Amino acid sequence: VGIMEPTLVRVPKCASTLGIAVEGGANTRQPLPRIATIQKGGSAHISGQLRVGQVILEVNGVSLKGMEHRDATRVIAEAFKTKDKDYVDFLIAEFN
Amino acid sequence: REKRLTLPPSEITLL
């Protein structure tokens with residue numbers, strides 16, 4: 001349904017926040033987390049690759065499919081917080 | 001389709 005090829009986007013942790021607002025999750029009208037806004041000055045804004053409206057399929061290889069909002073956002077927050085990596089990998093789907 | 005319409009909106013979380 002208008003879904004484009006998933007794209008891997010690597011966001012370096014170049015600011016103190018990731019700087020995205022996310023909506024959606026299992027059992028809501030938006031079953032996969034969707035980027036609602038991008039905050040100026042956050043890592044996502046600075047790296048310039050994420051866009052409002054994109055849907056996040058995976059974070060560091062972890063699928064968000066079937067996860068409720070709270071769990072999906074926790075996965076994203078922990079991926080940004082962990083000191084194991086200085087980046088977060090997002091598998092993104094675009095809709096046209 | 002009807003079932004889809006009854007699903008609640010999601011909250012938004014700033015990360």
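Everything quoted here is computed from the prediction, not taken from an experiment. Just the heavy atoms: all of them, side chains too, but no hydrogens, waters or symmetry mates, feed the values below. Here is how names work: the chains are called A, B, and so on, in the same order as the sequence lines, proteins then strands, and each is numbered from 1.
Using modelled atom types and a 3.5 Å distance limit, the side chains of A:T37 and A:Q39 yield a donor-acceptor pair.
Contact count versus chain B (heavy atoms, under 4.5 Å) is highest, among A:E23, A:R70, A:H69, for A:H69.
Residues A:V11 and A:F80 fail the side-chain proximity criterion, which asks for heavy atoms closer than 4.5 Å. A:I76 places none of its side-chain heavy atoms less than 4.5 Å from the side chain of B:T13.
Both the backbone and the side chain of A:L18 come within less than 4.5 Å of a heavy atom in chain B. Neither the backbone nor the side chain of A:E68 comes within contact range of chain B, judged by heavy atoms closer than 4.5 Å.
When all heavy atoms of B:I12 and A:A36 are compared, the closest pair comes out as CD1-CB, 4.3 Å.
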